[in-house]
**Q** 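Quick one: structure below, then a few questions.
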There are 2 protein chains.
Amino acid sequence: MRKISESTVRRLSVYLGLLEEFARLGKATVSSDEMAQRGHTTPAQVRKDLSFFGSFGKRGLGYDVVELSDRLRDILGLGRTYRVTVIGAGKIGSALVQYREFGERGFHIVSVYDNDEAKVGRSWNGVEVRDVRQLESDLRTEPVDIAILAIPPHVAQQTMDLLVGIGVKAVLNFAPIRLSHPDEVTVQNVNMALELETLSYALRNS
Amino acid sequence: MRKISESTVRRLSVYLGLLEEFARLGKATVSSDEMAQRGHTTPAQVRKDLSFFGSFGKRGLGYDVVELSDRLRDILGLGRTYRVTVIGAGKIGSALVQYREFGERGFHIVSVYDNDEAKVGRSWNGVEVRDVRQLESDLRTEPVDIAILAIPPHVAQQTMDLLVGIGVKAVLNFAPIRLSHPDEVTVQNVNMALELETLSYALRNS
DNA sequence: TACTGTGAAGAACTTCACAGCA
DNA sequence: TGCTGTGAAGTTCTTCACAGTA
């Protein structure tokens with residue numbers, strides 16, 4: 001398939017959220033115009049994004065809400081559940097373990113790791129915190145689909161390398177550092193300080 | 001000044017981080033090539049990004065680490081401190097209040113608000129949790145530069161509207177919903193479920 | 001008729017390539 | 001000589017505009 005841009009994928013995810021809301025409101029059908037307004041984009045963008053994957057609408061009518069939701073879930077790979085591990089039992093790790101939206105979307109946090117003996121063994125939201133030294137052997141016997149890094153920057157790269165060695169193919173990184181990784185591993189970064197800095201830039205130049 | 005793209009601003013922020021590391025290592029001078037390697041971009045991109053703001057380098061030599069850091073801090077508006085409020089004293093709010101990088105960058109969290117009586121009055125990392133009903137009068141007497149929304153999606157828009165009314169010009173939104181807002185208000189979104197969904201897409205299509 | 005699907009045009013962003021300067 | 005600064009070329013992303021159809 002033609003390479004799809006990351007912005008398109010992100011918008012698809014937004015569209016799915018909108019469609020689920022339309023479904024809750026009992027709407028059966030929706031136009032690209034309505035989706036664009038609620039999703040802060042343009043109707044042409046909505047149609048173009050969808051057109052990369054097929055023709056899901058009916059001319060003159062719009063899109064069937066349920067059908068398009070199903071197709072988007074399929075495209076995004078959300079028709080299954082994912083096993084997720086959180087590495088780092090600090091404040092951010094803690095917030096993630098309890099983050100509702102993850103479970104609702106099929107992302108199940110199956111383990112949490114930390115190097116702090118004081119935390120190891122405690123139960124967090126039903127998930128036991130394990131010693132990070134067990135990480136490698138654990139993941140080899142019970143693989144996960146996605147690892148979330150919620151650890152300090154100075155240990156992030158070595159942990160990334162470990163995960164790559166184990167064969168993890170998707171990582172969500174909260175450490176404020178760009179990680180080196182092979183092409184076949186997908187990494188998404190969340191850098192909160194960087195978000196504040198773009199706000200700072202906007203405030204200064206407005 | 002010519003409109004600068006958001007991707008450029010984000011990279012400037014990354015460059016600044018790199019420069020601070022180079023400074024710690026005692027490096028006096030750095031080339032666009034070195035920055036590109038460490039920042040996972042290209043030398044031409046580095047030079048082009050910087051060129052929008054002036055000529056900071058010396059041909060044949062590179063950039064002075066300290067001087068360029070100073071210029072970037074200035075460009076990004078980081079030569080001052082910012083007053084920040086966190087709205088929502090849940091797990092995410094809690095993580096943010098203790099997030100070191102914010103303070104290091106000059107973003108000072110001066111207050112936390114919640115609507116849960118049980119939380120109001122408690123002290124968090126030296127910041128007292130206040131009743132959200134005080135938010136409006138508090139911010140009118142003691143304005144903040146940035147508000148961080150760490151609240152459930154169904155109350156996010158009304159809170160956004162309140163903030164706009166009070167005159168807040170920059171918002172970092174953690175609620176998984178696109179907020180409507182006037183153009184003069186800058187909003188950055190952090191949507192963690194959406195990040196996992198882009199990983200899901202990548203896993204499915206690899 | 002009302003809306004989709006899509007080539008083609010346009011805009012934005014990135015990379016190239018080289019003149020110019022320390 | 002070595003690396004910057006920058007127009008120009010190339011690429012990617014967005015918007016336009018309209019033919020096509022339920």
Side-chain angles (χ1 to χ4, degrees), chain A residues 1-15 18-19 22 27-72 75 178 198 201-202 205, chain B residues 1-15 18-19 22 27-72 75 178 198 201-202 205:
Chain A
M1 189 199 301
R2 185 180 163 285
K3 173 76 166 49
I4 302 299
S5 77
E6 184 173 326
S7 18
T8 290
V9 175
R10 297 178 81 91
R11 281 191 300 266
L12 292 180
S13 181
V14 170
Y15 302 155
L18 299 176
L19 288 166
F22 282 127
K27 226 166 168 333
T29 255
V30 75
S31 68
S32 56
D33 228 320
E34 292 170 291
M35 280 203 273
Q37 287 193 327
R38 303 285 278 87
H40 298 270
T41 179
T42 65
Q45 183 76 78
V46 172
R47 297 199 299 275
K48 178 64 88 179
D49 285 337
L50 296 175
S51 77
F52 294 133
F53 299 92
S55 307
F56 309 129
K58 297 194 204 342
R59 289 164 200 250
L61 241 177
Y63 302 87
D64 182 281
V65 171
V66 171
E67 187 190 315
L68 184 57
S69 306
D70 288 348
R71 293 296 294 119
L72 287 181
I75 290 164
R178 276 301 174 97
T198 69
Y201 175 83
N205 300 91
Chain B
M1 190 203 300
R2 186 179 162 285
K3 174 74 165 51
I4 302 298
S5 77
E6 185 173 325
S7 18
T8 291
V9 175
R10 297 178 81 91
R11 280 191 301 265
L12 293 180
S13 182
V14 170
Y15 303 154
L18 299 177
L19 288 167
F22 282 127
K27 225 167 170 329
T29 255
V30 75
S31 69
S32 57
D33 228 319
E34 292 170 292
M35 282 203 272
Q37 288 193 327
R38 303 285 277 90
H40 297 270
T41 179
T42 64
Q45 183 76 78
V46 172
R47 296 199 300 275
K48 179 64 89 179
D49 285 338
L50 297 175
S51 78
F52 294 132
F53 300 92
S55 307
F56 309 129
K58 296 194 206 343
R59 290 166 200 248
L61 242 178
Y63 302 87
D64 182 281
V65 171
V66 171
E67 187 190 313
L68 184 56
S69 305
D70 287 349
R71 292 296 294 117
L72 287 181
I75 291 165
R178 277 300 174 98
T198 70
Y201 175 84
N205 301 91

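These numbers come from a predicted model, not from an experiment.
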**Q** Between C:dG5, D:dT4, D:dT15, which nucleotide gets closest to the side-chain atoms of A:Q45?
**A**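 Comparing C:dG5, D:dT4, D:dT15 against the side chain of A:Q45, the answer is D:dT15.
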**Q** Considering only side-chain heavy atoms of A:A44, which listed nucleotide, C:dT4, C:dC16, D:dC16, is closest?
**A**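 Among C:dT4, C:dC16, D:dC16, the one nearest the side chain of A:A44 is D:dC16.
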**Q** Whole Å only: how far is the NZ atom of A:K3 from the P atom of D:dT11?
**A** 16 Å
**Q** What's the closest nucleotide to the side chain of A:S32 if the choices are C:dT4, D:dG5, C:dT15?
**A** C:dT4
**Q** Between A:E6 and A:R10, does any side-chain N to carboxylate O distance fall below 4.0 Å?
**A**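 The answer is yes: the pair qualifies as a salt bridge.
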**Q** Whole Å only: how far is the CD1 atom of A:I4 from the C1' atom of D:dT12?
**A**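 Rounding to the nearest Å, CD1 of A:I4 and C1' of D:dT12 are 13 Å apart.
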**Q** Would you mind reading off the distance between B:Y15 atom OH and D:dT4 atom P, rounded to a whole angstrom?
**A** 12 Å
**Q** In whole angstroms, how far is the C1' atom of C:dC21 from the CZ atom of B:F56?
**A**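 Going from B:F56 (CZ) to C:dC21 (C1'), I get 18 Å.
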**Q** If you count heavy atoms of other groups shown closer than 6.0 angstrom to CZ of A:R178, is the number above 12?
**A** no
**Q** Look at the side chain of B:S7 and decide which nucleotide, out of C:dC13, D:dT15, C:dT15, has an atom nearest to it.
**A** C:dC13
**Q** When you measure from the side-chain N and O atoms of B:Y63 to the phosphate of D:dG5, is any distance below 4.0 Å, counting only OP1 and OP2?
**A**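 For D:dG5, OP1/OP2 do have a side-chain N/O of B:Y63 under 4.0 Å.
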**Q** Hey, which sits more toward the 5' end of DNA chain D by its nearest nucleotide, A:R59 or B:S55?
**A** B:S55
**Q** Which distance, rounded to the nearest 0.5 Å, do you find between the CE of B:M35 and the CZ of B:R47?
**A**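 That separation rounds to 10.0 Å.
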**Q** Rounded to whole angstrom units, what separation is found between the NZ atom of A:K48 and the P atom of C:dA9?
**A**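 Those two atoms, NZ and P, are 13 Å apart.
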**Q** Applying the side-chain contact (heavy atoms from CB on, under 4.5 Å) test to B:R11, which of B:D49, B:V46, B:L50 qualifies?
**A**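 Exactly one candidate clears the test, B:D49.
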**Q** OH/A:Y201 to CG/A:N205 distance, rounded to the nearest 0.5 angstrom?
**A**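 Going from OH on A:Y201 over to CG on A:N205, the span is 4.0 Å.
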**Q** Using a 4.0 Å heavy-atom cut-off, does A:T8 contact any base of the nucleic acid, only the sugar-phosphate backbone, or nothing at all?
**A** nothing
**Q** Side chain of A:K58: nearest nucleotide among D:dT14, D:dC3, D:dA22?
**A**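 The nucleotide sitting nearest to the side chain is D:dA22.
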**Q** So which nucleotide from D:dA8, D:dT14, C:dA17 ends up closest to the side chain of B:R47?
**A** C:dA17
**Q** How many whole angstroms separate atom CZ of A:F53 from atom P of C:dT4?
**A** 18 Å
**Q** Atom CG of A:L61 and atom C1' of C:dT1: how far apart are they, to the nearest Å?
**A** 11 Å
**Q** Judged by each residue's nearest nucleotide on DNA chain D, which is more toward the 5′ side, A:T42 or A:G60?
**A** A:T42
**Q** Tell me: CD of B:E6 to P of D:dC13, nearest whole Å?
**A**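 To the nearest whole Å, that distance equals 16 Å.
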